[in-house]
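Comments concern the structure below.
Counting from 1, the numbers follow the sequence of the chain as shown.
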Amino acid sequence: MAALRRLICAGKNQVSAILRRELHKSAPAALQVTVRDAINQALDEEIERDERVFLLGEEVAQYDGAYKVSRGLWKKYGDKRIMDTPISEMGFAGIAVGAAMAGLRPICEFMTFNFSMQAIDQVINSAAKTYYMSAGLVPVPIVFRGPNGASAGVAAQHSQCFAAWYGHCPGLKVVSPWNAEDAKGLMKAAIRDDNPVVVLENELMYGVPFELSEEAQSKDFVIPIGKAKIERQGSQITLVSHSRSVGHCIEAASVLAKEGIDCEVINLRTIRPMDIETIEASVVKTNHLVTVEGGWPQFGVGAEICAKIMEGPAFNYLDSPVFRVTGADVPMPYAKILEDNCTPQVKDIIFAVKKTLNVI
């Protein structure tokens, strides 16, 4: 009633402003949700939605997960839906693949994707190829998920990015979320997909809170696999990235904006199938491209983007060569100062943009 009285008393010029304020007050506020909790929500909703879905892996049940991603799920769903396994990736990945072939929809957690190397025969030869080799008779609806890429202080054997490894293999879909909305929407899409999907999370992002929109809070919210998102509109140069590096690109773009350089930032979201059309459309507009990733440079995600741009129509719109920002081409050192110099930083992206635009 108070708002109505203000409208009656106000002049015409004030009415629209009052309406905007009242609508803003009544609009539901976006929640602050960590990436960890967004994944937990997705797992919970999909296990509840479909009785064929179950989670297995090391410490996922009674311990609530090594990174607490599966917190509370064992207490809610019990041993049949949330299963602790022995420390044997080849064994429990094989069980999960067999369960998928038999009609269930398993979610197989690797405590880190570095450990998936113990099970890579199951992921590639059993999961990725069976639908093709059975002439479409045996689908394998399975999700392989866990933290991927560099963490902090865990050295060479626990710091690899597997985006290019699994993105290389036909038969797999590979997604790499950055924020809470990505994590929830892509996880739900992966669980509902009838193909094997690799979900590459990032340990350093688990505890980072993001706004989760009203749409993303819905149990029906799903992000289509294979579609990138433009996180920041720009006109002078395109930055393409995935996972944690998206945040670095947005930060670099903010710094560069103060210097008059307008960057467009694309969050790939999906590694395979890659949304090259969104990248091409951006390059046609900006005429410059920088790719950013935490993995090694040779045969990496950025290298694939470079090749696709060169082979496609957007190549004719480039005003300078594509520049890649990647992890250093060495095994990850343990010492923090060396580790920092082996992973892409905001300053590296700023340098790459300025070099590409020839403003150094």
Side-chain angles (χ1 to χ4, degrees), residues 31-89 91-100 102-113 115-116 119 123 127 140-148 151 175-177 179-194 196-210 212 216-223 225:
L31 291 177
Q32 287 282 323
V33 177
T34 64
V35 171
R36 173 189 292 110
D37 289 340
I39 299 170
N40 181 274
Q41 285 179 26
L43 296 174
D44 186 10
E45 290 170 7
E46 292 306 304
I47 292 169
E48 183 179 61
R49 173 180 172 271
D50 189 338
E51 64 181 9
R52 297 170 297 173
V53 177
F54 69 97
L55 172 69
L56 79 167
E58 296 157 354
E59 299 183 345
V60 300
Q62 296 186 45
Y63 189 65
D64 280 341
Y67 303 98
K68 306 306 175 191
V69 170
S70 54
R71 183 190 288 120
L73 297 182
W74 175 69
K75 290 180 181 177
K76 182 174 181 179
Y77 296 104
D79 292 327
K80 288 187 176 181
R81 308 291 296 281
I82 313 295
M83 303 178 185
D84 279 329
T85 67
I87 303 173
S88 175
E89 282 77 14
F92 68 73
I95 290 171
V97 171
L104 299 178
R105 304 183 82 88
I107 305 163
C108 177
E109 176 182 309
F110 295 119
M111 192 179 290
T112 158
F113 260 96
F115 300 158
S116 76
V123 178
V140 187
I142 184 171
V143 173
F144 299 102
R145 57 155 294 268
N148 169 71
S151 180
V175 300
S176 182
N179 61 14
E181 184 173 300
D182 291 354
K184 183 177 182 181
L186 289 171
M187 182 64 70
K188 290 170 73 72
I191 295 169
R192 297 182 188 190
D193 202 289
D194 289 331
V197 183
V198 173
V199 182
L200 301 172
E201 301 158 14
N202 187 284
E203 179 184 340
L204 296 177
M205 297 302 297
Y206 281 146
V208 180
F210 291 91
L212 200 64
Q217 294 169 39
S218 166
K219 290 186 177 182
D220 297 319
F221 176 70
V222 173
I223 290 175
I225 293 174

Verify side-chain contact (heavy atoms from CB on, under 4.5 Å) between I82 and I47, making sure each step is shown before the conclusion.
CA-CA 9 Å; I82 313 295; I47 292 169; 3.7 Å; yes
How long is the gap from CG on N148 to OG1 on T112, to the nearest 0.5 Å?
7.5 Å
In the structure I gave you, are the side-chain heavy atoms of R145 and V69 within less than 4.5 Å of one another anywhere?
yes
What heavy-atom pair brings A38 and A183 nearest, and what distance separates the two atoms?
CB-CB, 4.4 Å
To the nearest 0.5 angstrom, please state how far the CD1 atom of I95 sits from the CE atom of M83.
9.0 Å
Write down the atom of D64, the atom of G72, and the distance for their closest heavy-atom approach.
OD1-N, 3.1 Å
Rounding to 0.5 Å, atoms OG (S116) and CE (M111) come to a distance of 13.5 Å
Locate the shortest heavy-atom distance separating A100 from P141; write the atom from each residue and the value.
O-CD, 3.5 Å
Does atom CD (E51) have a neighbourhood of more than 12 heavy atoms from anything else shown, all under 6.0 Å?
no
Are I191 and R49 close enough that some pair of their side-chain heavy atoms sits under 4.5 Å apart?
no
CG of L73 to CD1 of I107: how many Å apart, nearest 0.5 Å?
9.0 Å
Given K80 and F54, is the side-chain contact (heavy atoms from CB on, under 4.5 Å) satisfied, shown in steps?
CA-CA 8 Å; K80 288 187 176 181; F54 69 97; over 6 Å; no
So, taking the atom named NZ in K68 and the one named OH in Y206, what distance separates them when rounded to the nearest 0.5 Å?
13.0 Å
Within the 4.5 Å heavy-atom criterion, are V175 and I225 side-chain neighbours or not?
yes
Between the CZ atom in R71 and the OH atom in Y63, the distance rounded to the nearest 0.5 Å is 11.0 Å
Taking the six-membered ring for Trp, are F110 and F144 parallel (under 30°), tilted (30 to 60°) or perpendicular (over 60°)?
parallel
pair D84-V60: side-chain heavy atoms closer than 4.5 Å:
yes
Closest heavy-atom pair and its distance - R105, D193:
NH2-O, 2.8 Å
Ignoring hydrogens and geometry, is there a side-chain-to-backbone donor-acceptor pair from Y67 to G146 under 3.5 Å?
no
Between A119 and E89, what is the shortest heavy-atom contact and its length?
CB-O, 3.5 Å
Evaluate the criterion side-chain contact (heavy atoms from CB on, under 4.5 Å) for residue pair E48 and Y77; output intermediate values, then yes/no.
CA-CA 9 Å; E48 183 179 61; Y77 296 104; 3.2 Å; yes
Might you confirm whether atom NZ of K75 has over 12 heavy atoms from other residues, nucleotides or ligands at distances under 6.0 Å?
no
If we only count heavy atoms from C-beta on, is the F210 to D182 side-chain gap below 4.5 Å?
no
Could you report the tightest heavy-atom contact between N179 and V35, atom names first, then the distance?
C-CG2, 3.9 Å
By the definition salt bridge (charged side-chain N to carboxylate O under 4.0 Å, His left out), identify the one residue from K184, K219, K76, R192 that meets it with E45.
K184
